[in-house]
Protein chains: 2
Amino acid sequence: MVKAKKQYDSKSERALQILDAAAVLLGESGYDGVSARDIAERAGVNKALVFYYWGSKPELFEKVLERYYDAHRDALEQAFETGGTIVERMHRVMDSYLDFIEENRIYPRLVQQQLTGGGPHTDMVRHHLATFFEWITEVLAEISPKTGPLAAKHFYLSISAIVTNYFTITPAIAKQWGVDPMSPAALAERREHLHWLVDTLLARLQEETSGD
Amino acid sequence: MVKAKKQYDSKSERALQILDAAAVLLGESGYDGVSARDIAERAGVNKALVFYYWGSKPELFEKVLERYYDAHRDALEQAFETGGTIVERMHRVMDSYLDFIEENRIYPRLVQQQLTGGGPHTDMVRHHLATFFEWITEVLAEISPKTGPLAAKHFYLSISAIVTNYFTITPAIAKQWGVDPMSPAALAERREHLHWLVDTLLARLQEETSGD
DNA sequence: AGTCGGTCAAACCGATTGGTTAAATCAATC
DNA sequence: GATTGATTTAACCAATCGGTTTGACCGACT
């Protein structure tokens, strides 16, 4: 499911089974909505094994989040590092973000859960958001004023919101949406929309800031 | 807290105390993270009274959500109904939405919780989202194509995402944000950002669709 | 004085929670 | 074939969950 990191390779197969099962259930029902027994059952494993491998419930879910955050950071790091124009860089970042979410569809759900009061790991989310916050404000620093309504931080919020919320909202309005929002065609169309949107915003932003 | 609706006026003061306490705690910790004992304690009331007035935990939280949804719909209904240009109408809708959230800051948290797997009331959220979906697609129908990446449904998603996510994300990055994100000055600045953003999008959208 | 609805405290219920433990199983080693 | 260490199991624990029940208390009305 999530691309394996070195530190997880050393874990036994059974341990990763449990981690994967925990991730799925956490994404479905949230921290307090999932029991250790649910996880064990889903993983096809005895409940004691959950604690044998992962210590406690908060520790287990910490590892679930950590694995996703690490994978997310790895996925976006390259996109940020390489050069090009601002528009090119933003497209690359957004595409990497979309690629990652499409491969890990429960990820935006996990993040939103943490932000809206799910579990005991809000500090992790905070630190993780801060990282991307710094990255994207650095990219936009060239054309975005340091303060005011066109500051980079506002665009960071707006863009990350429109990228992620598609995956948390559309499942609830699939009927109105017409087609399956998670079908390849629908996902491609959404990506086009986001490209158009970012292009439009950056174009006017460049106009205004160069004119000052 | 939430503007009282007629149907709640008939309820006793104690009953509303409990409802308010439930709303606050639900916003903080989510459906499964709050116990009936917590609610009673917060309301300064005996636990038995919670069930005496509201029957059961799911019923109580259903009423919490219902009260918010009703208030939200009432707040936006007027904004949609009255006329004007598309840009004017969109501004009015967005401002009404922001006014409502600023007065009820736990509301976007409750919605996100429901969307990401919190409680047993996903159908209510679905129905509620569907209502706004129809409203806003109707407003945008004049300048938005019926299909493709510039269809109204995409803008509905994008705009509602950037409006609400400010209130769910900024509390987690308050340090990086510089000022208190919920201060009047910060809220006004965010509102300016959103106006600029919507104006920019609608302007280019009108260009493109009139040129076809 | 008696009654009534609202409120309280507290005991209580079965079910479920996170977590532990001691014994059983098994493959690999000697 | 005995030993070992890793893995598996079911039984078990105290605490908490949603929800109920009983009985007393209180102020307001008849």
Side-chain angles (χ1 to χ4, degrees), chain A residues 7-66 110 113-114 117-122 124, chain B residues 7-66 110 113-114 117-122 124:
Chain A
Q7 53 191 335
Y8 296 100
D9 290 347
S10 60
K11 286 282 180 180
S12 84
E13 195 179 337
R14 277 284 203 274
L16 292 179
Q17 269 182 36
I18 296 169
L19 196 68
D20 286 337
V24 172
L25 294 177
L26 182 62
E28 283 176 5
S29 312
Y31 180 82
D32 292 303
V34 179
S35 73
R37 283 167 180 83
D38 294 335
I39 297 168
E41 193 179 347
R42 171 103 193 189
V45 141
N46 188 272
K47 178 171 66 83
L49 213 60
V50 173
F51 297 96
Y52 173 78
Y53 279 123
W54 301 106
S56 69
K57 185 180 169 180
E59 284 177 288
L60 168 59
F61 282 136
E62 185 187 334
K63 290 294 186 300
V64 169
L65 291 175
E66 197 179 276
L110 297 180
Q113 281 174 12
Q114 296 297 313
H121 303 302
T122 52
M124 264 186 69
Chain B
Q7 52 190 336
Y8 295 101
D9 291 346
S10 61
K11 285 283 181 181
S12 86
E13 197 179 336
R14 278 288 206 276
L16 292 179
Q17 268 182 36
I18 297 170
L19 196 67
D20 287 336
V24 171
L25 293 178
L26 182 62
E28 284 176 4
S29 311
Y31 181 82
D32 292 303
V34 179
S35 73
R37 286 168 179 83
D38 294 335
I39 296 168
E41 194 179 347
R42 171 103 192 188
V45 140
N46 189 270
K47 179 169 68 84
L49 213 59
V50 173
F51 298 96
Y52 173 76
Y53 277 122
W54 300 106
S56 70
K57 184 181 170 180
E59 283 176 289
L60 168 59
F61 283 134
E62 185 187 334
K63 289 295 186 302
V64 169
L65 292 175
E66 196 180 275
L110 297 180
Q113 280 175 13
Q114 296 297 314
H121 302 301
T122 51
M124 265 187 67

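Reminder, nothing fancy here: chain letters follow the sequence lines and each chain counts from 1.
- Atom CD of B:Glu59 is separated from atom C1' of D:dT20 by 15 Å (rounded to the nearest Å).
- Although no hydrogens or angles enter the test, the distance criterion places a donor-acceptor pair under 3.5 Å between the side chain of A:Gln113 and the main chain of A:Leu26.
- As a whole-Å value, the separation of A:Leu26 CG from C:dG18 C1' is 16 Å.
- One can place CH2 of B:Trp54 at 16 Å from C1' of C:dG6, the figure rounded to the nearest angstrom.
- Put simply, the side chain of A:Asp20 never gets that close to the backbone of A:Gln17: no donor and acceptor are under 3.5 Å apart.
- Contact annotation for B:Arg14: backbone-only contact, meaning every heavy-atom pair under 4.0 Å involves sugar-phosphate atoms and none involves a base.
- Proximity note for A:Tyr53 (side chain, C-beta onward) versus C:dC8, D:dT8, D:dG18: the nearest is D:dT8.
- Only B:Lys47, listed by number, bring a heavy atom of residues 40-47 of chain B to less than 4.0 angstrom from any atom of DNA chain D.
- Of the possible polar contacts, none joining the B:His121 side chain to the B:Lys63 backbone as a donor-acceptor pair under 3.5 Å is found.
- When atom types are taken as modelled, the side chain of B:Trp54 and the backbone of B:Ala15 share a donor-acceptor pair closer than 3.5 angstrom.
- Note on B:Tyr52: a side-chain N or O is less than 4.0 Å away from OP1 or OP2 of C:dG6.
- Distances shorter than 4.0 Å separate some side-chain N or O of A:Ser35 from OP1 or OP2 on C:dT17.
- When distances run from any side-chain atom of A:Lys57 to the nucleotides D:dC17, D:dT9, C:dG18, the shortest one goes to C:dG18.
- With sequence neighbours excluded, no residue forms a side-chain hydrogen bond (donor to acceptor under 3.5 Å, both in side chains) with B:Thr122.
- Judged by closest nucleotide on DNA chain C, B:Leu49 is the one of B:Leu49 and A:Asp38 placed further toward the 5' end.
- With hydrogens and angles disregarded, no donor-acceptor distance shorter than 3.5 Å links the side chain of A:Lys57 to the backbone of A:Asp32.
- In this entry the distance linking CG of A:Asp32 with C1' of C:dT17 reads 11 Å, nearest Å.
- In this structure, CE on A:Met124 lies 13.0 Å from CZ on A:Phe61, to the nearest 0.5 angstrom.
- Side-chain contact check for B:Glu28 versus B:Leu25: some heavy-atom pair is nearer than 4.5 Å.
- Side-chain atoms of A:Phe51 lie closest to C:dT20 of the nucleotides D:dG19, C:dT20, D:dT8.
- Distance check, rounded to the nearest 0.5 Å: CD1 of A:Ile39 to CZ of A:Phe51 gives 8.0 Å.
- For DNA chain C, runs of at least 3 consecutive pairs of the Watson-Crick or G-U wobble type, with both hydrogen-bonding distances under 3.5 angstrom, map to C:3-23 with D:8-28, C:25-30 with D:1-6.
- Within 4.0 Å (heavy atoms only), A:Ala36 reaches sugar-phosphate atoms of the nucleic acid but no base atom.
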